[in-house]
Protein chains: 2
Amino acid sequence: MPDHTLRRDDDKISASILQTTESLFSKYGVENVSMHQIAKTAKVGQGTMYRRYANKGDLCMDLMKENFQDLQDSVRHYLENAGSISVKEKLFAVFKKQLYFLERHSRLFETIHSFSTSTCESAKTNFYEAPPYVFMHTLIRSLLEEAIRAEAARPVNADFTAHTLMASINPKVYIFLKKEKGYTTDEIIDNFSRTFLEPLFF
Amino acid sequence: MPDHTLRRDDDKISASILQTTESLFSKYGVENVSMHQIAKTAKVGQGTMYRRYANKGDLCMDLMKENFQDLQDSVRHYLENAGSISVKEKLFAVFKKQLYFLERHSRLFETIHSFSTSTCESAKTNFYEAPPYVFMHTLIRSLLEEAIRAEAARPVNADFTAHTLMASINPKVYIFLKKEKGYTTDEIIDNFSRTFLEPLFF
DNA sequence: TCAAGTAACGGACAATTGTCCGCAAATCAT
DNA sequence: ATGATTTGCGGACAATTGTCCGTTACTTGA
């Protein structure tokens, strides 16, 4: 009967779901695709979907993991080959990469944010505790701490500052600034750097 | 038949809905109350609800308008009776008031944010174009521009800066910093002021 | 190899958000 | 006053998210 093994396809099923999701998202847009539609297209039950992904945001998060890996690698590579560059310049570069990443995946980000806390308060996948956010926050905090230790930056609360800097370029306001106010990505990067990063340093 | 006039009760119906909403929200919590439940309790049809309020966020927005009026009045009163105070100090005070306001209404804010763009892209009530946001943004931008003209602040893009400053204290990150990271409201105000407001000035 | 146990699939179902349209109420015109 | 027109109420309905449980495929032990 089974022309192909059904069980022990965990990873294949996951891959199928992710691939289907990516395909449907790019075809109809993130917000026009339902979980049921994905399940049906990927030929799995809704139960299977929801056992793997608590909600649409969770699915988006997983979908972004691979893309995020690119950002992470890019940042890591940059930092490893940037020994002599000043901490300040490193911080600028990291934020620039992050903003370009947001530019490419703003819709996905927005969906993740929508579902991260809006639904139940049972804190399924708090965005702020998910690997991508933690990685970037930790990195930025480290750079800030390094700069502060070297007395290149003013002695601020690095943890708080990193969180707040990242909050200030959240997807909602980013999309608003671009779509409604007409700012270009480079203008946003430039203004952000000059207004909020620059003053952190002496 | 009509023991009480049915039509031309527009304002009475609205008042009834708002009152019912406030009552149910405070009783069960914002996220545990559905639109249908409000409609049923307020004795109106769902259609009536949705004709008046596009979604739950919209309803929250209206509910907050009266509260927001207090903030607006408070800020206006402060500014009118603060002629000799420096622009810098005014800006600090305005943000402090805004943060305390967020503290009191964070749940309502969060719900508004969740619905403002998450649902349909037909841009029902863009949070960033609603009166409360516009008022605060305009005010902060004006103060910044005044400070820049007086050469008390660095010549930054006041529009962008105002948007980004407000984004950096959005309800999601605010709740995270308080609930998960244990920051107190005053710590947040203090860090925010020292790290992001202070450096804007010479 | 076969029975008992376990994992997990998938569809039916519940809850909630948002839409639509028939019909009643109010207004207006003659 | 009465018929025509407009306004808008309200419940039925659709769509979507998320849950639950019967059933089916795989695993383990003798």
Side-chain angles (χ1 to χ4, degrees), chain A residues 1-17 20-21 24-25 28-61 111-125, chain B residues 1-17 20-21 24-25 28-61 111-125:
Chain A
M1 199 76 48
D3 57 336
H4 60 304
T5 54
L6 286 184
R7 273 314 181 292
R8 218 68 298 154
D9 280 10
D10 284 19
D11 45 357
K12 285 190 183 168
I13 284 182
S14 284
S16 167
I17 290 176
T20 303
T21 304
L24 289 177
F25 276 5
Y28 304 108
V30 177
E31 50 276 334
N32 300 317
V33 178
S34 74
M35 293 290 268
H36 275 43
Q37 189 181 347
I38 296 169
K40 205 177 169 190
T41 310
K43 296 214 170 43
V44 300
Q46 294 92 326
T48 306
M49 286 289 295
Y50 279 98
R51 213 168 307 108
R52 283 174 158 67
Y53 304 103
N55 52 51
K56 202 171 168 183
D58 205 37
L59 175 58
C60 289
M61 184 86 85
T111 305
I112 291 170
H113 264 92
S114 291
F115 281 84
S116 65
T117 45
S118 75
T119 43
C120 47
E121 59 197 306
S122 55
K124 304 255 180 189
T125 3
Chain B
M1 202 75 47
D3 57 335
H4 60 304
T5 54
L6 285 183
R7 272 319 177 291
R8 216 71 299 154
D9 279 9
D10 284 19
D11 45 356
K12 285 189 184 170
I13 285 182
S14 283
S16 166
I17 291 176
T20 304
T21 304
L24 288 176
F25 276 4
Y28 303 107
V30 177
E31 49 277 333
N32 299 319
V33 177
S34 74
M35 293 289 269
H36 275 42
Q37 189 181 346
I38 295 169
K40 206 177 166 191
T41 308
K43 297 215 171 38
V44 300
Q46 294 91 326
T48 305
M49 286 290 293
Y50 279 99
R51 213 168 307 109
R52 282 177 158 67
Y53 304 103
N55 52 50
K56 203 170 165 180
D58 205 36
L59 175 57
C60 290
M61 185 85 84
T111 305
I112 291 171
H113 264 91
S114 291
F115 281 83
S116 66
T117 46
S118 75
T119 44
C120 47
E121 59 197 306
S122 55
K124 305 254 179 191
T125 1

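Just so it is clear, the values below take in all heavy atoms, side chains as well, and ignore hydrogens, waters and symmetry mates. Per chain, numbering begins at 1; letters A, B, ... match sequence-line order.
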Measuring from [X]:[atom1] to [Y]:[atom2], what's the distance to the nearest 0.5 Å?
X: A:Ile38; Y: A:Met49; atom1: CD1; atom2: CE; result: 4.5 Å
X: A:Tyr53; Y: A:Thr21; atom1: OH; atom2: OG1; result: 7.0 Å
X: B:Leu59; Y: B:Ile112; atom1: CG; atom2: CD1; result: 9.5 Å
X: B:Tyr50; Y: B:Asn55; atom1: OH; atom2: CG; result: 7.5 Å

If you check the B:Arg52 side chain, which of D:dT16, C:dG18, D:dC9 turns out closest?
-> D:dC9
Atom pair distance, as rounded to whole Å: [atom1] in [X] and [atom2] in [N]:
X: A:Asp58; N: D:dT17; atom1: CG; atom2: P; answer: 14 Å
X: A:Tyr28; N: D:dT16; atom1: OH; atom2: C1'; answer: 17 Å
X: B:Ile38; N: D:dG10; atom1: CD1; atom2: C1'; answer: 16 Å
X: B:Asn55; N: D:dA15; atom1: CG; atom2: C1'; answer: 16 Å
X: A:Glu31; N: D:dA15; atom1: CD; atom2: C1'; answer: 16 Å
X: B:Tyr53; N: C:dT17; atom1: OH; atom2: P; answer: 16 Å
X: A:Met49; N: D:dT17; atom1: CE; atom2: C1'; answer: 11 Å
X: B:Met35; N: D:dT16; atom1: CE; atom2: P; answer: 19 Å

List the atom of B:Arg52, the atom of B:Ile17, and the distance in Å for their closest heavy-atom pair.
-> CD-CD1, 3.9 Å
For A:Ala42 against A:Ser16, the heavy-atom pair lying closest together = O-OG, 3.8 Å
Would you list the protein and nucleotides 11-14 of chain C atom pairs, both N or O, that sit under 3.5 Å from each other?
residue, atom, partner, partner atom, Å
C:dG11, N7, A:Gln46, OE1, 3.1
C:dG11, O6, A:Gly47, N, 3.0

Stems involving DNA chain D: give each as a range paired with a range, ordered by first number, where a stem means at least three consecutive Watson-Crick or G-U wobble pairs under 3.5 Å.
->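 The stems are C:1-30 with D:1-30.
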Look at the side-chain N and O atoms of B:Tyr50 and state whether any lies under 4.0 Å from the OP1 or OP2 oxygen of C:dG18.
->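 For B:Tyr50, the contact criterion (side-chain N or O under 4.0 Å from OP1 or OP2 of C:dG18) is met.
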How would you list all residue pairs meeting side chain to side chain donor-acceptor pair (under 3.5 Å) that involve residues 36-47 of chain A, not counting sequence neighbours?
-> A:His36-A:Gln46
